[in-house]
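A, B, ... follow the sequence lines: proteins, then strands. Residue 1 opens every chain. Being a predicted model, the structure only gives us computed values, none of them experimental.
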Number of protein chains: 2
Amino acid sequence: MFDEIDIHILEILQEKARIPNAEVARQVGMAPSAVLERIRKLEERGIIEGYEVRLNPACFHQGLSAFVQVESDGAATAQALAEVPSVQEVHQVVGPDGFLVKLRTADHTTLARILGEIRALEGVRSIRTQVVLETVKETRRVDLTEHNGNGRH
Amino acid sequence: MFDEIDIHILEILQEKARIPNAEVARQVGMAPSAVLERIRKLEERGIIEGYEVRLNPACFHQGLSAFVQVESDGAATAQALAEVPSVQEVHQVVGPDGFLVKLRTADHTTLARILGEIRALEGVRSIRTQVVLETVKETRRVDLTEHNGNGRH
DNA sequence: TGCAAAAATGAATAAAATTCGTCCAGAAAG
DNA sequence: CTTTCTGGACGAATTTTATTCATTTTTGCA
């Protein structure tokens with residue numbers, strides 16, 4: 001599905017996505033047009049899903065994170081959870097009808113309100129909340145180092 | 001710290017970060033040079049932390065997610081957890097010396113191995129694992145809609 | 001080996017990034 | 001009430017990129 005040059009390109013983009021294509025070409029030692037072609041194909045194949053800006057949450061009154069274990073009747077709840085503002089992630093986990101929800105709010109007051117909303121959702125039996133004191137690591141990077149050379153998919 | 005034009009710019013970049021600056025300028029109805037200036041200042045102030053490519057984890061043998069509750073002696077463990085490959089997030093949570101770890105692996109076999117590694121870390125008393133069956137929502141976007149107009153910080 | 005498909009190249013052109021002198025509006029100072 | 005100062009925004013000029021495409025090179029495979 002991709003070779004070591006693609007991996008190299010992806011590493012560069014993973015480091016700094018808003019970089020000119022010509023600069024990527026320089027770093028991988030290829031013509032800009034060839035690199036452009038490769039990137040386009042990576043996008044077409046869905047290997048690259050998109051490009052995003054990483055914002056500092058604290059600058060937008062979103063400094064408080066929490067995880068909520070939601071025990072619920074069924075999968076219908078997932079959609080409702082996903083639509084709650086401040087909810088960033090909803091994962092269905094193996095076990096007793098559980099969802100794990102990650103959310104971001106401004107402060108404890110807002111958190112309390114959001115938790116109230118979640119508890120009131122149709123089908124929610126109980127919730128257990130874990131407030132984040134400090135985030136030690138938070139990345140979404142994919143480890144590409146082990147993909148050098150092979151790359152079948 | 002930023003005004004409604006900055007918000008507009010950030011919304012555009014949040015949607016699609018690898019977009020030409022000239023196009024952003026068009027959308028906000030300003031000169032490209034002015035938009036460039038604003039984006040640079042947002043970067044300098046740390047409001048924009050960076051730009052990243054979003055890759056499809058399934059294409060890189062990272063299709064299985066799990067959350068691990070780690071009960072540990074102290075904060076020293078956090079760093080060790082953060083350094084484990086596959087660990088994407090480490091959060092210190094309020095409660096009995098707990099860390100919440102999010103990780104990504106290829107399959108159950110690899111997961112089992114990683115869990116073994118974590119259990120063996122210095123200071124780790126016990127772990128509880130929740131395997132993700134399905135991820136319903138997963139975003140890192142900041143909700144900018146309520147920041148229109150004010151923007152003090 | 002040799003063919004066909006895929007990928008890379010390099011040149012040409014259109015578009016974008018970047019720089020910078022100028023201008024304007026609001027704030028602060030006189 | 002004017003003057004001065006300051007921060008943005010503008011837009012022209014220049015450098016750099018993006019993009020296209022015809023041509024060449026490489027690759028996979030019969």
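- Atom C1' of nucleotide C/dA17 and atom CD1 of B/I19 are separated by 15 Å, given to the nearest angstrom.
- Note: A/H61 NE2 to A/T105 OG1 = 12.0 Å, rounded to the nearest 0.5 Å.
- Donor-acceptor pairing under 3.5 Å is recorded for the side chains of B/R104 and B/S65.
- Nucleic acid contact class of A/R18 (heavy atoms, under 4.0 Å, all strands): none.
- Distances from the side chain of B/A31 to the nucleotides C/dT18, C/dT9, D/dG11 place D/dG11 closest.
- If you measure from atom CD1 of B/I9 to atom C1' of D/dA9, you get 12 Å, rounded to the nearest angstrom.
- Counting only heavy atoms from C-beta on, B/A22 has its side chain closest to C/dA17 among D/dT20, C/dA17, C/dA8.
- Counting only N and O atoms by type, the side chains of B/Y51 and B/E43 include a donor and acceptor under 3.5 Å apart.
- In the set D/dT17, D/dC21, D/dA18, the nucleotide with an atom closest to the side chain of A/N21 is D/dA18.
- Distance check, rounded to the nearest 0.5 Å: OG1 of A/T77 to CG of A/D73 gives 6.5 Å.
- Separating the CD atom of B/E37 from the C1' atom of D/dT6 is a distance of 13 Å, rounded to the nearest angstrom.
- Spacing between atom CD1 of A/I5 and atom P of C/dA8 amounts to 6 Å, rounded to whole angstrom units.
- What separates CG of B/D3 from C1' of D/dG7 is a distance of 12 Å, to the nearest Å.
- The shortest distance between the side-chain N/O atoms of B/K41 and the OP1/OP2 oxygens of D/dG7 is not below 4.0 Å.
- The distance from atom CD of B/E43 to atom C1' of C/dA17 is 13 Å, rounded to the nearest whole Å.
- C/dA8 atom P lies 15 Å from atom NE2 of A/H8, rounded to whole Å.
- In the set C/dA8, C/dG10, D/dA9, C/dA8 carries the atom at the smallest distance from any side-chain atom of A/A34.
- Regarding B/E23, its CD atom lies at a distance of 12 Å from the P atom of D/dT19, rounded to whole Å.
- Set against C/dA8, D/dT19, C/dA16, the side chain of A/M30 has C/dA8 as its closest nucleotide.
- Closest to the A/L36 side chain, of the nucleotides C/dT19, D/dA9, D/dT19, is D/dT19.
- The OG1 atom of A/T110 sits 6.0 Å away from the CZ atom of A/R113 when rounded to the nearest 0.5 Å.
- Side chain of A/P32, nearest nucleotide from C/dT9, C/dA17, D/dT19: D/dT19.
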